[in-house]
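Each ligand, and each atom within it, is numbered from 1 in the order the structure gives.
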Amino acid sequence: MFEELAAVDPSTTAFITIHNMATWMLGTWATDAVRGEWGEALTSGQKLASYCLTEPGSGSDAASIKTSARLQGGEYLINGGKAFISGAGSTDMLVLMARSGDAGAGGISAFAVPADLPGISYGKKEHKMGWNSQPTRTISFDNVRIPASHLLGREGEGFKIAMKGLDGGRINIATCSVGAAQGALAHAQRYLQERKQFGKTLASFQALQFKLADMATQLVAARQMVRLAASKLDAAAPDATTYCAMAKRFATDTCFDVINDALQLHGGYGYLRDFPLERLLRDARVHQILEGTNEIMRVIIGRRMLDGDAPDAIR
Ligand SMILES: Cc1cc2nc3c(=O)[nH]c(=O)nc-3n(C[C@H](O)[C@H](O)[C@H](O)COP(=O)(O)OP(=O)(O)OC[C@H]3O[C@@H](n4cnc5c(N)ncnc54)[C@H](O)[C@@H]3O)c2cc1C
């Protein structure tokens, strides 16, 4: 579904995928009380959720977050700030990662935070290159009180929960790139058959036929890789995280190139807002940056191939 939607509108599709990821995290780790109160509204899409990990001083180094959660008489007191939060200001529930313990990943907990609690304020809507159908804002937490029952999983499990969410999130974002590239490729196929130069359709030039062939081949490779990672995740394979990182890295890079090639095949018209190519390109660009940059995907893959008792054997 996400692939089909993204062929037309990667930005809105990605917004839905982030809601999907955050809702899955709540469905998996929230208490019965929170799931009972929020489950139906979130799964039906009547209410929307945001994923709140990044901070102004903590992006790729996500284990260094500083937003604090202090337990005080049955409630957590939240203070700090998040940056780059998709949907912020328009969503109803925040899946928040905050520090309840010591420095490092083990001191982080995850919480379900209703988005309109006293003490929560939102920054201006960021002006972005793409993803303009959804807002991105900073969020400030100033002595925000949430019941202890809003903890997800156990104290100290927040980083693990955040990363588990991103395994699926990365497949979602990769899928948005595959869909966007499919949309761009279809536009290019049509355009080559319609547009004439030198008295012939562009489709009659073998250089452009070869370009189209390469684009289609790259796209299929990206799609297959995403589906392989998705099947690993469904099967809870021990190397699923590695495959999700590989799929995200490969599909978002490859599909960006396919969209860029489709724009090039449209000549000057590809650069105009009258045609959909420039928007597909602007929307897909950020997929190489968020849910972990593609450099961080390489860090994850490399580490898992080299570290630990049982390094992932890639076959
Ligand atoms: C439109 C948009 C929406 C977003 N939505 C959300 C959201 O909903 N929730 C959320 O929590 N976050 C969100 N983010 C944040 C996003 O996940 C971060 O921007 C991303 O993780 C990178 O962090 P950073 O911007 O701080 O870059 P930095 O971490 O400062 O990285 C800068 C550069 O250095 C590279 N780099 C950093 N460390 C290493 C290393 N060890 N080795 C090699 N290279 C490295 C990076 O790859 C990058 O190229 C969003 C971002 C954008 C742009």
Side-chain angles (χ1 to χ4, degrees), residues 6 9-26 48-67 80-99 105 108 110-113 115 120 122-141 152 158-159 161-170 172-174 176-177 180 244-245 248-249 252-253 256 279 281-304 306-307:
D9 185 348
S11 167
T12 305
T13 310
F15 189 12
I16 303 170
T17 75
I18 294 170
H19 162 71
N20 191 56
M21 167 175 70
T23 299
W24 176 80
M25 292 168 74
L26 293 166
L48 296 174
S50 287
Y51 175 94
C52 310
L53 178 63
T54 305
E55 298 183 357
S58 165
S60 298
D61 184 12
S64 69
I65 58 167
K66 291 199 162 58
T67 294
K82 295 288 169 182
F84 284 113
I85 303 307
S86 297
S90 300
T91 49
D92 307 284
M93 169 55 84
L94 308 175
V95 173
L96 175 76
M97 273 52 75
R99 188 164 299 287
I108 295 172
F111 301 91
V113 182
I120 298 181
Y122 296 94
K124 69 167 176 42
K125 197 170 157 181
E126 305 287 5
H127 296 290
K128 307 191 294 281
M129 173 178 171
W131 271 33
N132 287 317
S133 66
Q134 49 160 311
T136 307
R137 290 191 172 90
T138 57
I139 311 181
S140 301
F141 299 87
L152 303 184
F159 192 75
I161 290 172
M163 295 303 120
K164 287 264 178 216
L166 286 180
D167 280 345
R170 284 169 187 157
N172 287 340
I173 289 297
C176 289
S177 285
C244 291
K248 195 272 187 186
R249 206 289 292 159
T252 58
D253 282 348
F256 181 80
R279 182 175 54 79
L281 184 98
R282 286 186 289 105
D283 283 344
R285 180 62 182 86
V286 79
H287 302 175
Q288 297 168 293
I289 297 171
L290 48 68
E291 304 223 353
T293 66
N294 284 1
E295 290 75 26
I296 294 305
M297 295 307 100
R298 292 178 174 94
V299 171
I300 292 170
I301 300 159
R303 241 186 229 153
R304 283 177 168 259
L306 298 168
D307 288 359

Has Arg249 got a side-chain atom pairing as donor or acceptor with Ile296's backbone, closer than 3.5 angstrom?
no

Geometry only, no angles: is Tyr51 polar-contacting ligand 1 at N/O separations under 3.5 Å?
yes

Please check if the number of heavy atoms outside Phe84 that lie under 6.0 Å from its CZ is greater than 12.
no

If I take atom NE2 from residue His287 and atom OG from residue Ser177, how far apart are they, to the nearest 0.5 angstrom?
5.0 Å

Under 3.5 Å between some N or O of ligand 1 and some N or O of Leu290?
no

I need the Lys248 NZ to Ile173 CD1 distance, nearest 0.5 Å.
7.5 Å

Quick test of your reading of the structure: of Gly59, Gly169, Pro56, Ser60, whose heavy atom lies closest to atom 29 (O) of ligand 1?
Ser60

Gln134 (side chain) donor-acceptor with Ser86 (main chain) under 3.5 angstrom:
no

Here the atoms of ligand 1 under 4.0 Å from any heavy atom belonging to Val286 are 1 (C), 53 (C)

If we number the atoms of ligand 1 from 1 as shown, the ones under 4.0 Å from a heavy atom of Glu291 are 17 (O)

Look at the side chain of Tyr122 and the backbone N and O of Ser90, then say whether any donor-acceptor pair between them is shorter than 3.5 Å.
no

Residue, atom and distance of the protein heavy atom nearest atom 41 (N) of ligand 1 read Ile296 CD1, 4.2 Å

Could you check which of Gln288, Glu295, Arg137 puts a non-hydrogen atom nearest to atom 43 (C) of ligand 1?
Glu295

In the protein, which heavy atom is nearest to atom 7 (C) of ligand 1, and how far is it?
Phe84 O, 3.3 Å

Partner of Gln288 by side-chain hydrogen bond (donor to acceptor under 3.5 Å, both in side chains), out of Asp253, Thr252, Thr293, Asn294
Asp253

Quick one: look at Lys128 and ligand 1, take heavy-atom pairs under 4.0 Å, and tell me if it's side chain, backbone, both or neither.
side chain

What protein heavy atom sits nearest atom 8 (O) of ligand 1, and how far off is it?
Ser86 N, 2.9 Å

Note the single closest protein heavy atom to atom 46 (C) of ligand 1, along with its residue, its atom name and the distance in Å.
Thr293 OG1, 3.7 Å

Can you list the ligand 1 atoms lying under 4.0 Å from a non-hydrogen atom of Leu53?
11 (O)

Just to confirm my output: which protein heavy-atom neighbour is closest to atom 42 (N) of ligand 1, and how far is it?
Val299 CG2, 4.0 Å

Relative to ligand 1, is Thr54 under 4.0 angstrom through side chain, backbone, both or neither, heavy atoms considered?
both

Number the atoms of ligand 1 from 1 as they appear, then name those within less than 4.0 Å of a heavy atom of Ile289, with their elements.
20 (C)

